[in-house]
Amino acid sequence: KKEVKYGQLTELPRQDEAMKKWRSNRFGQFIHWGLYAIPGGIWEGKTYKYAAEFLKSSAGISTATWDSLQYQFNPVKFDAKEWAKMAKDMGVKYVTITTKHHEGFCLWPSKYTDFDIENTPYRKDLLGEFIKAYNEEGIDVSLYYSVLDWHHPDWRYKLNTEEDKAAFERLKAFTENQLLELLERYPTVKGLWFDGTWDQCWKDNGKFSYDLEKKLKEKNPGLIVNSRMRADEYGSRHFDSNGVLMGDYESGYERRLPNPWDVAVTKNDWECCMTIPENQWGYHKDWTLTHIKTSNELIEMLVQCTSQNGNFLLNFGPRGEGNFREKEVKLAKEIGDWMDDNSSVIYNCGYAGLKKQSWGYFTKSSDSDDAINMVVFNKPINGKYRVKLNKGSIIKRAYLLSKPKKSFNLEEIANGEYFLDDVKGKCKDPFVIIIELEDKD
Ligand SMILES: C#C[C@@H]1N[C@@H](C)[C@@H](O)[C@H]1O
């Protein structure tokens, strides 16, 4: 074991109220919005297939040219209340929005740069309007912040020379000032979601990331930060050099999920962030380039995350003018309709302590020990659901969440193992079977 002085700051898993709320939220909305939403993946008539928020590098655009987009950023269709209502109806309990992506443009009026919303035709504190509207809908707000900053003259990927090191010291001070400014301006914020921390410059500054986590948590007690913020003094990221998780939850699942049978993942808090297209976080004009996920695919990801003690952060990329594409609005509605009937198997739920089975996923509410949720995605062709519980478990009753009066027939086939006879006819959406257990004692 290495001696790690600048590794985990807060003992995990956190059991304070702020973290319990984060855990019970389970379902969040990610918003990627910045200057990249104006060109939307197309530059001088050419469509670039790579992620739209990387268009500056994909199309080799100079910083001066890219930054001039600031004078076109005028989201006349932006209605924060409308956005918050859509999120509320979709069933999310929290939102994470990009305050500043890799391009360096800030959605809030920052004292530390002119490359911000104040110097656009919009002028107003867009981020403040956003936070107020989402909080009024009862949705917690977390802020995404990219340490990687293509606009800032002091950004360096690697620190080769003394000049590089002096420049990066200034970048670190700028980063700390902006983050403290965000927490000062927006005190209701529950978390910070760090990104752009994969370069050598950050790995060489593990102690700084430790001290910064400490300072930010002193400024906003209860603040929740993702593991992506951190490096230890040896350059190990997310987990320190002895494999101990840093930050408050693991945030390495980006556009991918763990193996659904993996039990080890349940021991930490974690979050998966997911795009609707294959790889577009910012708005891209052309959604014919890749597969666009259906609401049932996205609902299954949300249920899988919950079944393994993880949160699911689903991304939306609004247009430069401030509205969402119709397909995103439709998906939000479809997911919200499912959540209207089934959110009880998501909110405040997690790993049921049972091996996953082929019909779908188990989840269990933190508030009850004698009920288990079966969320069905794959109907068995023989109409019988094989349910393997822990030894000694006895099913008192099993029924559809949607039809609680009608019980399934039970056939016990071994200790803690049953067949449930199907009582449901045709179904096009995922559905829930509630298993009520006999009290053990
Ligand atoms: C790569 C990369 C970035 N990380 C995701 C969360 C998006 O912000 C993407 O641009």
Side-chain angles (χ1 to χ4, degrees), residues 27-43 48-59 61 63 66 69 92 94-107 127 130 141-152 155 157 175 178-179 182 191-203 209 224-231 237-238 247-258 270-287 289-290 293 298 301 305 310-320 328:
F27 186 24
Q29 179 188 39
F30 214 164
I31 300 258
H32 274 71
W33 201 24
L35 302 181
Y36 42 79
I38 297 170
I42 297 177
W43 194 259
Y48 291 81
K49 292 185 177 175
Y50 194 58
E53 70 281 0
F54 274 84
L55 181 64
K56 180 179 184 284
S57 53
S58 312
I61 301 164
T63 297
W66 184 265
L69 288 168
V92 298
Y94 70 106
V95 66
T96 299
I97 182 167
T98 50
T99 60
K100 180 185 88 164
H101 201 260
H102 311 333
E103 64 182 3
F105 175 68
C106 301
L107 287 182
L127 182 61
F130 175 93
V141 175
S142 166
L143 302 181
Y144 166 112
Y145 182 88
S146 175
V147 171
L148 167 56
D149 187 325
W150 296 329
H151 169 83
H152 199 291
W155 170 261
Y157 290 97
T175 299
Q178 283 207 315
L179 289 161
L182 283 167
L192 290 172
W193 206 102
F194 286 80
D195 201 10
T197 57
W198 44 75
D199 290 312
Q200 195 55 42
C201 58
W202 194 254
K203 290 183 200 170
S209 73
I224 295 167
V225 302
N226 63 339
S227 59
R228 202 177 293 207
M229 170 190 193
R230 293 296 319 281
R237 294 180 60 233
H238 292 272
D248 297 306
Y249 63 92
E250 202 274 316
S251 67
Y253 289 103
E254 178 172 321
R255 296 191 298 112
R256 65 189 175 93
L257 284 153
W270 58 277
E271 178 192 71
C272 161
C273 57
M274 187 56 68
T275 51
I276 295 173
E278 280 316 286
N279 182 14
Q280 294 295 343
W281 297 91
Y283 173 71
H284 196 295
K285 286 177 181 161
D286 186 350
W287 262 24
L289 298 172
T290 70
K293 297 177 188 73
L298 297 166
M301 293 179 182
C305 289
N311 282 10
F312 186 61
L313 188 66
L314 180 59
N315 184 71
F316 288 73
R319 296 190 180 95
E328 284 181 328

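Atoms within a ligand are numbered from 1 in the order they appear, just like the ligands themselves. Here, residue 1 is the first one in the sequence, and each next residue gets the next number.
- A donor and an acceptor atom, one from each side chain of Q178 and Y145, are located under 3.5 Å apart.
- R230 places no side-chain N or O within 3.5 Å of a backbone atom of G247 that could act as its donor or acceptor partner.
- Atoms of ligand 1 found under 4.0 Å from any heavy atom of E53, numbered from 1 in the order shown, are 9 (C), 10 (O).
- Defined by atom type and a distance below 3.5 Å, a donor-acceptor pair is present between the side-chain atoms of T63 and K56.
- When the options H32, R255, Q280, E328 are evaluated for a side-chain hydrogen bond (donor to acceptor under 3.5 Å, both in side chains) with N315, the one that passes is H32.
- Interface atoms of ligand 1 facing H32, defined by a heavy-atom separation under 4.0 Å, are 7 (C), 8 (O).
- Donor-acceptor pairing under 3.5 Å is recorded for the side chains of H101 and Y144.
- Numbered from 1 in the order shown, with element, the atoms of ligand 1 that lie under 4.0 Å from a heavy atom of D195 read 3 (C), 4 (N), 5 (C), 6 (C), 7 (C), 8 (O).
- Atoms of ligand 1 found under 4.0 Å from any heavy atom of H101, numbered from 1 in the order shown, are 7 (C), 8 (O), 9 (C), 10 (O).
- When hydrogens are left out, the protein atom nearest atom 5 (C) of ligand 1 is E254 OE2, 3.3 Å; that is the closest non-hydrogen contact.
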